[in-house]
Amino acid sequence: MNFKQSSENILKIETDLLVLGAFKGDKFSGSAKVVNEALGGVLKVITGNEKFDGDMGKSVIVSSTFGKIGAKRVLLLGLGEKSLYSPDTVRKAGNITAKRMRNVCASITFGPEFCKGRGYVSALAEGVILGSYEFNKYKTNNGPVSEIENVVILSENLKDKKFDEEIRTAKAVSESTSLTRDLVNEPPVYMTPSRLADIASSIADEGDLKCEIFDLEEIERRGMGGIVAVSSGSDEPPKFIHLTYEPHKTPKTTLAVVGKGITFDSGGLCIKPADSMRTMKMDMAGAAAVLGVMKTISRLKPSIRVHGLISSCENMTGPAAYKPDDVIRAYNGKTIEVINTDAEGRVVLSDALSYAVHLKADEIIDLATLTGACMVALGTYTAGVMTNSQKLADRLKKAAEAAGEKIWQLPMDDELRSEIKSDVADIKNVGSRWGGAITAAMFLEHFVGDTPWAHLDIAGPAFSEKESNWNSKGGTGFGVRTIVSYIMQR
Ligand code: BES
Ligand code: ZN
Ligand code: ZN
């Protein structure tokens, strides 16, 4: 996809689609007014007929301009309240446009209202690239597909160098987010721990990252008992993946980004009912986000060191499967009593988090589709964030806001800590039903020592059962943009 800015006349520019913005209560200001007049008032008539009022996400289309202007079609997009206008509005606008017009238009031109300065161009480009995303690899008849090839923004608000830089950033982030979505959307028979490790290693080759992969023997030798236990019910061998991005200059700080990589979660012996097992291919979405982040930063070259760590295996019911009542020893020596084999994510993360401490990370952020409880608490569009460092969480919240991803903090309520006390081991892997997202985080906290750490429970937003507004169906790539934005600010 090519992006450029242009100062051509809005009525003359030749394009398959001209996109204009309309604010709530002020539908025909600026370019919409000019275009409406050139079209003999047809935009005004259609918006009246459709009761279009500029609400965010609503749109009307003029599907032929009959040669009255250079553009073949005009899309008027609601941008909501003018006072709330931000790069995120523009990201959503780009997304909606691409969703509606992919497979129809090869060239799209956006009016000048979409480029109000810094951050707007990259957000728009991100929106258009991510809105064009489709996963139809396995459909034998997926129809004629035309792709959006050229995107023009009618503005010269940014110097060319700055414009190109914003496009470069947007491409790096959104192309990696598309990769993350692909990894999540692949069926579990294909996306095994071994495949994830192969993909990690090719990301490392392409992006000049260091890559170490531990196989079962090495995982056992190093005492990563959590991964050994959870993987034991499956024929697929587990993998522990470690990618490192090293900046050119000696870095001031080292961040570890840790992902849950359960490529299929059947629940293990505490098996899930059929309805809950469906979609459990997405239980590696944290790992997929880590790979998306590592791929992005190999292109954007931030100034801090970043370790990407992934514990990957299947959670199955084979004859050697780990059992309720088992006691496991994690990489840092702590012992875990297994109450429920379906709470496997925290068990494999225990090794990866303590490995991050062993690597002397200054900060740790983990991403995991960890609990249904977090979805009950926050719904499916918002990730939970839990932390031992308010400073880190505050920075993360800012990064998420800039990236247009929703995260909400849940409290590490001291009174809940007793829930995971065990009679036979240091801790048990499940407490009572109440506060399940928080007690899961408290379990993880046992493996980060004093290192500032934030846990993102992405069980809700990582996967979307239906396509809606600006969300893609299936894997969403949630977390990549937030973590990249976090890293680029450090
Ligand atoms: N992978 C699931 C959590 C999950 C549920 C992610 C739904 C996405 C959608 C996790 O391993 C799990 O099974 N958690 C259990 C924990 C329980 C046994 C304490 C849960 O949430 O029910
Ligand atoms: Zn589970
Ligand atoms: Zn799981």
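Just follow the structure's listing: the first ligand is 1, and inside any ligand the first atom is 1.
- Residue contact check for ligand 1: M280 places a non-hydrogen atom closer than 4.0 Å to it.
- Ligand 1 places these atoms under 4.0 Å from at least one heavy atom of A459: 6 (C), 8 (C).
- Close approach of ligand 1 to E344 (heavy-atom distance below 4.0 Å) involves ligand atoms 11 (O).
- More than 12 heavy atoms of other residues, nucleotides or ligands lie within 6.0 Å of NZ in K99, so this atom counts as buried by the packing criterion.
- Considering just the N/O/S atoms of D265, the one nearest the Zn ion (ligand 2) carries the name OD2.
- In the displayed structure, E147 atom CD is contacted under 6.0 Å by at most 12 heavy atoms of other residues, nucleotides or ligands.
- Residue contact check: N340 has heavy atoms under 4.0 Å from atoms 18 (C) of ligand 1.
- The protein atom (non-hydrogen) at minimum distance from atom 21 (O) of ligand 1 is G372 N, 2.7 Å.
- For ligand 1 and M375, the ligand atoms under 4.0 Å from any heavy atom of the residue are 7 (C), 9 (C).
- Side-chain polar atoms of E405 and T482 form a donor-acceptor pair below 3.5 angstrom.
- If you number the atoms of ligand 1 from 1 as listed, the ones under 4.0 Å from a heavy atom of M282 come out as 8 (C), 9 (C).
- Within a 6.0 Å sphere centred on NZ of K272, heavy atoms belonging to other residues, nucleotides or ligands number more than 12.
- A donor-acceptor pair shorter than 3.5 Å can be found between the side chains of R395 and Y486.
- Each of the atoms 1 (N), 10 (C), 11 (O) of ligand 1 lies under 4.0 Å from some heavy atom of K260.
- If you look at Y120 and Y85, their ring centroids are closer than 6.0 Å.
- Look at A343 and the Zn ion (ligand 3): no N/O/S atom of the residue is under 2.8 Å from the metal.
- Here OG1 of T177 is found 6.5 Å from CZ of R481. Values are rounded to the nearest 0.5 Å.
- Between the side chains of S266 and N315, no donor-acceptor pair is found at a separation under 3.5 Å.
- Residue L291 holds its CG atom at 7.5 Å from CE of M284, rounded to the nearest 0.5 Å.
- Distances between N or O atoms of D265 and those of ligand 1 include at least one value under 3.5 Å.
- The nearest protein heavy atom to atom 13 (O) of ligand 1 is closer than 4.0 Å.
- For atom 17 (C) of ligand 1, the nearest protein heavy atom lies 4.0 Å away or farther.
- For atom 19 (C) of ligand 1, the closest non-hydrogen atom on the protein side is V430 CG2, 3.6 Å.
- For ligand 1, the polar-atom distance check against D342 finds a nitrogen or oxygen pair separated by under 3.5 Å.
- The aromatic ring centroids of F240 and Y331 lie 6.0 Å or more from each other.
- Within the 4.0 Å heavy-atom criterion, the part of L370 lying near ligand 1 is the backbone and not the side chain.
- Under the 6.0 Å distance and 45° angle rule, R195 counts as a cation-pi partner of Y190.
- Looking at D283 and the Zn ion (ligand 3) together, the shortest N, O or S contact belongs to OD2.
- Aromatic ring orientation, F110 versus F114: perpendicular (interplanar angle above 60°, classes split at 30° and 60°).
- Remark: ligand 1 atoms within the under-4.0 Å shell around heavy atoms of T369 are 1 (N), 2 (C), 3 (C), 6 (C).
- When the N, O or S atoms of E344 are ranked by distance to the Zn ion (ligand 2), OE1 comes first.
- When non-hydrogen atoms are compared, ligand 1 lies under 4.0 Å from neither the backbone nor the side chain of M277.
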